[in-house]
Amino acid sequence: MLKNKYIIGIAFAAICGFSSCVDLDMAPLGSLEAGEVQDERQAFLRLAAVYSDMKDFRYTWSMQCFGDVLSEDATYSGSANDAATFELMESFQYPADHNEILNKYKQTYQCINKANLIIRDLEAVSDEMFSEYNREQMIGEAKFIRAYSYFELVKTFGGVPLYTDVLGLDHERLGRSTPEQVYAVIEKDLQDAAEVLPLKSEIPNYEKTYAGRITLGAVYAMQTRVFLYEKKYNELKKVFEEKILPLIPQEYDLMPNYADIFKLSGEHCIESILEVNMYNSTTQSSWNVNNGNRHVLMSMPRNMTIGFGCAQPTQALADAYDAAGDTERKTATLLSHDEAIAIEKAAKGEDIPAITDDRTGWYNRKLYLGPDEREENRGNNQPTNLRLIRLAEVYLNYAEACCKTDDPTTATEYLNKIRNRAHLQDYPNNPGDDNLDLFEAIMQERHLELAMEGFRFFDVVRVGWGEQVFKEGFKSAVGNYQPFKAGAEVLPIPQIEIDISNGVIKN
């Protein structure tokens with residue numbers, strides 16, 4: 001599989017489809033310029049540059065530092081300085097000059113700009129230039145990534161400036177669009193992508209030649225996520241029932257063992273719909289330019305391993321699993337302080353450094369790699385893929401839509417598919433059940449199924465539960481935090497962007 005990652009990895013220069021593979025670490029491929037497309041190889045390298053931003057740590061670390069740390073599930077730990085940088089964030093007082101806010105905003109727009117460039121330039125050439133690659137399909141991939149990026153922005157910041165054309169140096173600076181306007185562009189890009197992208201089953205030798213690129217299944221799955229946030233439940237149900245359901249179980253299915261999803265051996269498994277390919281690069285190994293999963297480095301125990309120990313799960317999350325009797329997903333999600341020591345000692349002997357700066361007693365097992373799996377010398381280049389979309393989430397999206405459209409029987413059926421995989425009893429399907437109780441059960445299932453994958457904060461605020469769930473004192477074990485207040489559902493646009501816009505953009 002490692003060889004495949006070199007061939008198909010979403011890197012600064014991923015080459016797949018040529019008769020011979022290319023060493024991704026040798027050529028300075030970032031030097032390719034936008035403009036007229038001269039040949040299909042250049043076109044594909046530029047498409048790979050769009051993908052490369054999705055694997056950039058600054059684009060994806062918000063999954064943990066916003067999606068998990070701003071919820072009750074995690075706290076920002078690591079060194080005293082690391083923890084201090086998030087004290088205000090965890091108190092729902094978001095500094096507009098916070099570095100992680102700027103990273104997310106800047107890197108996501110960089111990805112959008114690259115997508116705009118390749119879409120424009122590919123639309124200007126004919127299909128005759130292409131023999132190894134499909135031009136329309138490549139445009140569809142870029143449109144999906146643009147849609148995914150705008151979704152990340154709108155769920156994080158609310159309405160944002162909406163750029164779908166290539167920007168000149170003297171371009172007009174736009175103010176915020178409404179969330180509805182942003183979602184309209186997302187929907188259109190996904191629909192365009194759906195018309196040209198292939199299913200996994202339509203790609204010869206998918207695992208070796210294509211895994212990691214956008215497929216039609218990823219488009220459909222992403223549509224369910226977008227419609228869920230928009231509360232377009234009937235549209236969500238239509239996509240699931242007409243497009244996704246026919247793909248099950250031949251194309252996608254739940255993995256029998258939950259923990260296997262997050263193992264190295266579980267990459268691109270039957271449940272996986274979209275992953276970012278990661279591998280241990282021989283040269284690209286700095287914190288912001290690498291081909292590996294830096295989330296691993298950020299999450300593993302500090303001092304005892306090469307990890308920094310940030311984004312530690314809380315006791316509150318452990319208690320949520322215990323209250324539900326959910327031992328299987330707790331074990332697959334949470335790694336205790338003592339378990340981490342035992343694993344390291346078993347591999348390295350008794351004489352290992354002590355863990356430092358442990359604030360909760362828990363670590364994210366979904367991002368933990370043992371001593372025989374991780375890269376010790378180039379720590380930023382950890383080889384496990386980043387899982388972005390999997391079928392379990394899509395089932396829960398569908399269950400919620402059914403619940404909200406007065407179809408409790410179907411909602412319960414798909415809720416129980418997830419519960420049964422975790423070896424939990426069925427949620428009772430009684431005609432007299434109040435749908436509000438069922439909705440709360442679905443939200444609880446999302447909490448436990450998707451924990452430490454970047455969903456929790458956004459799930460809570462999108463359904464209006466912020467003040468109820470994120471109440472004062474829920475993180476009292478790790479700090480003195482203020483309660484959630486109305487308006488904290490979205491983060492501020494970075495102050496530097498407001499300054500550059502001369503007040504056109506406002507928080």
Side-chain angles (χ1 to χ4, degrees), residues 59 62 66-67 70 94 96 101 104-106 108-109 111-113 115-116 119 140 142-167 171-195 218-240 243 389 393-394 397-398 400-405 439 443 446 454-455 457-467 485-494 497-498 501 503-507:
Y59 184 108
S62 60
F66 299 160
L70 297 186
Y94 310 132
I101 292 175
K104 178 66 174 182
Y105 191 88
K106 177 181 177 181
T108 309
Y109 269 113
C111 185
I112 290 168
N113 187 50
N116 288 342
I119 291 167
K143 286 188 174 182
F144 175 95
I145 295 172
R146 183 169 68 183
Y148 188 98
S149 297
Y150 268 123
F151 176 77
E152 285 292 300
L153 289 173
V154 74
K155 80 172 185 181
T156 303
F157 300 102
V160 291
L162 192 54
Y163 295 99
T164 55
D165 296 320
V166 175
L167 303 180
H171 71 87
E172 177 188 3
R173 294 201 172 271
L174 302 180
R176 288 180 181 265
S177 297
T178 66
E180 292 76 17
Q181 289 169 325
V182 179
Y183 276 115
V185 168
I186 293 169
E187 286 188 34
K188 178 63 165 58
D189 275 349
L190 290 176
Q191 183 55 46
D192 288 350
E195 294 173 0
V219 178
Y220 295 150
M222 191 64 194
Q223 285 178 319
T224 71
R225 186 185 290 183
V226 170
F227 287 143
L228 184 72
Y229 273 70
E230 292 186 278
K231 296 181 171 58
K232 293 185 175 181
Y233 302 121
N234 287 320
E235 289 91 332
L236 192 165
K237 290 169 64 177
K238 182 178 175 67
V239 170
F240 183 87
K243 304 298 184 180
I389 308 177
E393 178 212 340
V394 178
N397 294 347
Y398 180 59
E400 187 173 333
C402 290
C403 177
K404 289 293 187 178
T405 54
F439 175 69
M443 290 298 294
R446 289 184 70 90
F455 287 87
F457 174 77
F458 298 108
D459 271 343
V460 170
V461 299
R462 72 175 172 82
V463 300
W465 286 3
E467 294 183 64
K485 295 180 181 178
E489 293 87 355
V490 294
L491 276 61
I493 286 177
E497 289 295 311
I498 295 170
S501 77
V504 173
I505 301 174
K506 302 181 187 299
N507 274 325

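The shown structure was predicted, so the numbers you read here are calculated from the model rather than taken from an experiment. FYI, side chains are in, hydrogens and waters are out, and symmetry mates aren't considered; it's all heavy atoms of this structure.
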Does the side chain of Gln223 come within less than 4.5 Å of Leu236's, by heavy atoms? no

For the side chain of Thr224 and the backbone of Ala221, is there at least one donor-acceptor N/O pair under 3.5 Å apart? yes

4.5 Å side-chain heavy-atom contact, Leu491 and Phe66: yes

Measure the shortest side-chain to side-chain distance between Lys238 and Asn234 over non-hydrogen atoms and say whether it is less than 4.5 angstrom. no

Compare all side-chain heavy atoms of Ser62 with those of Glu152 and state whether any distance is below 4.5 angstrom. yes

Query raised in the report: Distance only, no hydrogens: is a donor on one side chain within 3.5 Å (strictly under) of an acceptor on the other, for Arg146 and Asn116?
Result: yes

Rounding to 0.5 Å, atoms NZ (Lys104) and CD1 (Ile493) come to a distance of 14.0 Å

ring-ring contact (aromatic ring centres under 6.0 Å, His included) filter on Phe455, not counting sequence neighbours, yields none

Minimal heavy-atom distance between Ile505 and Glu497, with the atoms involved, is CD1-O, 4.1 Å

Sorted by chain and residue number, the side chain to side chain contact (heavy atoms under 4.5 Å, CB included) partners of Ala96 (sequence neighbours excluded) come out as Pro492, Gln495, Asn507

Contact check, side chains of Phe458 and Thr156, non-hydrogen atoms, under 4.5 Å: yes

The residue among Val219, Leu190, Asp189 that forms side chain to side chain contact (heavy atoms under 4.5 Å, CB included) with Lys143 is Asp189

Closest non-hydrogen contact found for Phe457 with Glu489 is CE2-O, 3.9 Å

Taking 4.0 angstrom as the limit, do Arg225 and Glu393 come out as a salt bridge? yes

Are the ring centres of Tyr229 and Phe151 closer than 6.0 Å?
-> yes

Rounding to 0.5 Å, atoms CG (Leu228) and NZ (Lys404) come to a distance of 10.0 Å

For Val504 and Gly175, the nearest pair of non-hydrogen atoms, with its separation, is CG1-N, 3.4 Å

Does the side chain of Lys237 pick up a donor-acceptor pair with the side chain of Thr405 at under 3.5 Å? yes

Sorted by chain and number, sequence neighbours left out, side chain to side chain contact (heavy atoms under 4.5 Å, CB included) with Val463 holds for Glu400, Phe439, Met443, Trp465

* Asked: Is there a side-chain contact between Val182 and Leu153, using heavy atoms and a 4.5 Å cut-off?
  -> no

With sequence neighbours left out, the residues meeting side chain to side chain donor-acceptor pair (under 3.5 Å) with Lys231 are none

Sorted by chain and number, sequence neighbours left out, side chain to side chain contact (heavy atoms under 4.5 Å, CB included) with Glu230 holds for Tyr183, Glu187, Val226, Phe227, Lys232

Donor-acceptor contacts, no H, no angles, side chain residues 157-167, under 3.5 Å, sequence neighbours left out:
residue, atom, partner, partner atom, Å
Tyr163, OH, Leu174, N, 2.9

Note: Tyr59 and Cys111 closest approach over all heavy atoms is CE1-CB, 4.0 Å

For Met222 and Ile389, the nearest pair of non-hydrogen atoms, with its separation, is SD-CD1, 4.1 Å

What one should report as the nearest heavy-atom pair of Tyr220 and Ala194 is CE2-CB, 4.3 Å

